[in-house]
Amino acid sequence: MTRYESAKEIYAKLGVDTDAAIEKLKEIPVSLHCWQGDDVIGFDHDGPLTGGIQTTGNYPGRATTPEQLMADLDEVIKLTPGMKKLNVHANYAIFDDGYVDRDVIEPKHFKKWVDFAKERGMGLDFNPTFFSHPKVKDGLTLSSPDEETRQFWIRHGRACIRISQYFADETGVPCVMNIWTGDGSKDVPADRLGPRMRYKDSIEQIIAEPHDPKMVKPCVESKVFGIGVESYTVGSGEFALSFAATHEGCIPLMDNGHYHPTEVVSDKIPALLAFFPEIALHITRPVRWDSDHVVLFDDETKEMAKEIVRCDALDRVNMALDYFDASINRISAWCVGFRSWQKALLNALCMPHEALKTLQDEANWTELMVRQEQIKTLPLGDVWEEYCRRCGTDDEGWFEEVKRYEREVLVNR
């Protein structure tokens with residue numbers, strides 16, 4: 001008997017079909033973020049990363065061209081199991097026929113990304129880029145009191161709706177388009193409502209751009225604070241959630257680094273699913289604040305996956321990774337994060353949720369605690385290795401390939 005066969009029998013005693021869990025996980029798309037490979041720099045400017053976010057570290061091998069970034073992504077796709085989408089930021093436009101500013105970017109500037117995704121059978125998600133640009137005036141974009149500045153960024157957002165529609169049309173897969181800005185103030189503001197009213201109007205103008213709501217899914221993402229905007233964030237949690245709740249066709253996006261340290265997104269997932277037909281997640285690992293560390297198989301990661309599965313919401317939650325670490329090998333960072341989220345989903349799929357719910361409904365808290373603790377030491381690792389094997393990506397040799405790629409490719413850049 002193999003280790004997997006033994007694990008399968010153990011899980012079967014709890015009413016869990018591990019073969020079914022493995023096959024289900026193969027069908028769940030998770031969006032892989034392109035910006036881990038080059039520290040969120042992109043291809044439309046030569047300046048630093050600015051606008052309330054930063055990347056730390058200077059590990060060798062950062063991608064500096066579209067070709068390098070796509071080659072790195074191919075390594076990650078090869079070394080990770082599961083179905084993937086590709087998440088692209090607007091600052092990754094590729095200008096083969098001359099640079100244009102962000103307010104007039106077109107689908108043609110992303111044709112190479114579409115070709116890349118189609119050749120690999122992947123859908124695409126998209127993000128307007130409201131940072132790292134000279135037209136971020138006094139730390140503001142869509143909420144700016146300067147109308148010229150605000151209209152520039154509205155035009156950028158509308159252009160991104162058109163590009164998102166292009167992505168969806170070309171791939172046949174719905175495109176999630178996420179709106180996030182770092183707008184805010186370093187110190188105590190004198191007016192908190194005015195910027196939010198301008199921000200509300202700006203997003204309304206952006207999502208008014210014609211699109212197929214079944215294929216283009218605009219999201220609004222909140223944040224607690226950013227570097228240089230510590231005292232006031234225009235797009236707060238209450239703002240983003242209220243906007244999504246009052247605007248048809250707009251869905252809320254929760255980044256689990258964008259809340260106060262004692263808040264957990266795992267608890268927010270079922271709360272939002274009670275009201276929204278769809279929600280979106282940016283999955284990261286905050287360390288004391290929104291530090292965008294590589295996703296690990298830690299407690300909150302497992303809890304988020306459990307809530308999605310136990311709420312029967314795998315088709316209602318749009319899942320995407322979002323982190324960027326420049327202090328370690330970037331290929332490894334991608335792979336560890338993607339594998340960790342896959343492992344968390346598999347862990348959730350291998351739990352007897354209905355039996356546990358029954359114990360709760362019967363107020364049998366004693367046995368519920370016993371069973372929940374028992375589950376923690378089940379042989380998930382053996383099921384995970386079988387899942388990787390069936391996906392053609394083993395759970396041991398992938399890091400040796402990362403080290404080979406570093407020696408032969410990354411350190412020579």
Side-chain angles (χ1 to χ4, degrees), residues 31 33-35 37-51 53 63-70 73 85-118 122-137 140-142 144 146-171 173-183 202-212 215-221 320 322:
S31 209
H33 56 313
C34 76
W35 50 92
D38 77 329
D39 309 340
V40 209
I41 300 300
F43 307 127
D44 70 347
H45 70 103
D46 295 324
L49 176 62
T50 61
I53 58 175
T64 59
T65 68
E67 293 74 20
Q68 289 178 351
L69 185 56
M70 290 178 186
L73 281 163
K85 294 180 77 178
L86 180 60
N87 207 359
V88 178
H89 244 288
N91 60 324
Y92 290 82
I94 299 172
F95 302 108
D96 287 332
D97 56 355
Y99 169 81
V100 300
D101 214 340
R102 289 185 191 169
D103 63 331
V104 289
I105 52 174
E106 300 178 53
K108 69 179 181 180
H109 299 123
F110 296 87
K111 182 180 184 302
K112 287 187 176 179
W113 287 112
V114 167
D115 292 343
F116 179 91
K118 288 171 70 175
M122 302 167 70
L124 285 159
D125 292 329
F126 199 46
N127 308 262
T129 305
F130 297 101
F131 54 83
S132 297
H133 193 280
K135 286 192 180 293
V136 178
K137 185 177 182 181
L140 302 176
T141 60
L142 293 177
S144 176
D146 181 88
E147 194 60 16
E148 180 182 352
T149 297
R150 190 170 76 97
Q151 288 300 323
F152 173 88
W153 290 110
I154 290 171
R155 291 194 300 273
H156 173 60
R158 293 176 71 105
C160 290
I161 291 281
R162 296 191 291 271
I163 293 164
S164 298
Q165 185 69 62
Y166 165 67
F167 284 176
D169 290 343
E170 287 291 317
T171 64
V173 179
C175 176
V176 176
M177 195 202 89
N178 180 49
I179 297 171
W180 173 82
T181 76
D183 288 27
S202 296
I203 302 174
E204 287 171 344
Q205 291 191 50
I206 290 171
I207 64 177
E209 180 70 21
H211 63 276
D212 179 354
M215 297 301 288
V216 175
K217 301 180 180 183
C219 302
V220 180
E221 178 183 4
D322 182 11

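Just so you know, these numbers come straight off a predicted model, no measurement behind them.
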TODO: In sequence, state the C-alpha distance, the side-chain angles, and the governing distance for Thr50 and Val136, and then conclude on side chain to side chain contact (heavy atoms under 4.5 Å, CB included).
DONE: CA-CA 9 Å; Thr50 61; Val136 178; 6.0 Å; no
Between atom [atom1] of [X] and atom [atom2] of [Y], what is the distance when rounded to the nearest 0.5 Å?
{"X": "Arg155", "Y": "Gln205", "atom1": "CZ", "atom2": "CD", "value": "11.0 Å"}
{"X": "Leu140", "Y": "Thr149", "atom1": "CG", "atom2": "OG1", "value": "9.0 Å"}
{"X": "Ile154", "Y": "Ser144", "atom1": "CD1", "atom2": "OG", "value": "10.0 Å"}
{"X": "Ile179", "Y": "Trp153", "atom1": "CD1", "atom2": "CH2", "value": "13.0 Å"}
{"X": "Asp169", "Y": "Asp212", "atom1": "CG", "atom2": "CG", "value": "8.0 Å"}
{"X": "Glu106", "Y": "Asp97", "atom1": "CD", "atom2": "CG", "value": "8.5 Å"}

Would you say that [X] contacts [Y] through its side chain, given a criterion of any heavy-atom pair below 4.5 Å between the two side chains?
{"X": "Phe130", "Y": "His156", "result": "yes"}
{"X": "Asn91", "Y": "Arg102", "result": "yes"}
{"X": "Ser132", "Y": "His45", "result": "yes"}
{"X": "Arg158", "Y": "Asp103", "result": "no"}
{"X": "Glu170", "Y": "Pro107", "result": "no"}
{"X": "Lys112", "Y": "Met70", "result": "yes"}
{"X": "Val88", "Y": "Leu124", "result": "yes"}
{"X": "Met215", "Y": "Phe167", "result": "no"}

Can you give me the closest heavy-atom contact between [X] and [Y], atom names plus distance?
{"X": "Lys137", "Y": "Asp146", "result": "NZ-OD1, 3.2 Å"}
{"X": "Pro128", "Y": "Asn178", "result": "CD-O, 3.0 Å"}
{"X": "Ala93", "Y": "Phe95", "result": "CB-CZ, 3.5 Å"}
{"X": "Lys85", "Y": "Pro174", "result": "NZ-O, 2.8 Å"}
{"X": "Leu142", "Y": "Ser202", "result": "O-OG, 2.7 Å"}
{"X": "Cys34", "Y": "Trp113", "result": "CB-CH2, 4.4 Å"}

Open item on the list: Between Asp96 and Lys111, does any NZ, NE, NH1 or NH2 come within less than 4.0 Å of an OD or OE carboxylate oxygen?
Closed with: no
TODO: Please name the residue in the list Thr129, Asp44, Asp38, Asn127 that meets the side-chain hydrogen bond (donor to acceptor under 3.5 Å, both in side chains) test with Tyr92.
DONE: Asp38
Task: Within 6.0 Å of CD in Glu148, more than 12 heavy atoms from elsewhere - done: no
- [ ] Flag the pair Phe110 / Tyr166 as yes when their ring centroid distance falls below 6.0 Å, and as no otherwise.
- [x] no
- [ ] Check step by step if ring pair (Phe, Tyr, Trp, His ring centres under 6.0 Å) holds for Phe131 and His89.
- [x] CA-CA 11 Å; Phe131 54 83; His89 244 288; 5.3 Å; yes
Open item on the list: Quick one: does any side-chain atom of Gln68 pair with a main-chain N or O of Thr64 as donor and acceptor, under 3.5 Å?
Closed with: yes
- [ ] Decide whether His133 and Asp101 meet the rule of one side-chain donor and one side-chain acceptor closer than 3.5 Å.
- [x] yes
Open item on the list: Do Asp322 and Trp35 pair up side chain to side chain, a donor and an acceptor below 3.5 Å, judged on atom types alone?
Closed with: yes
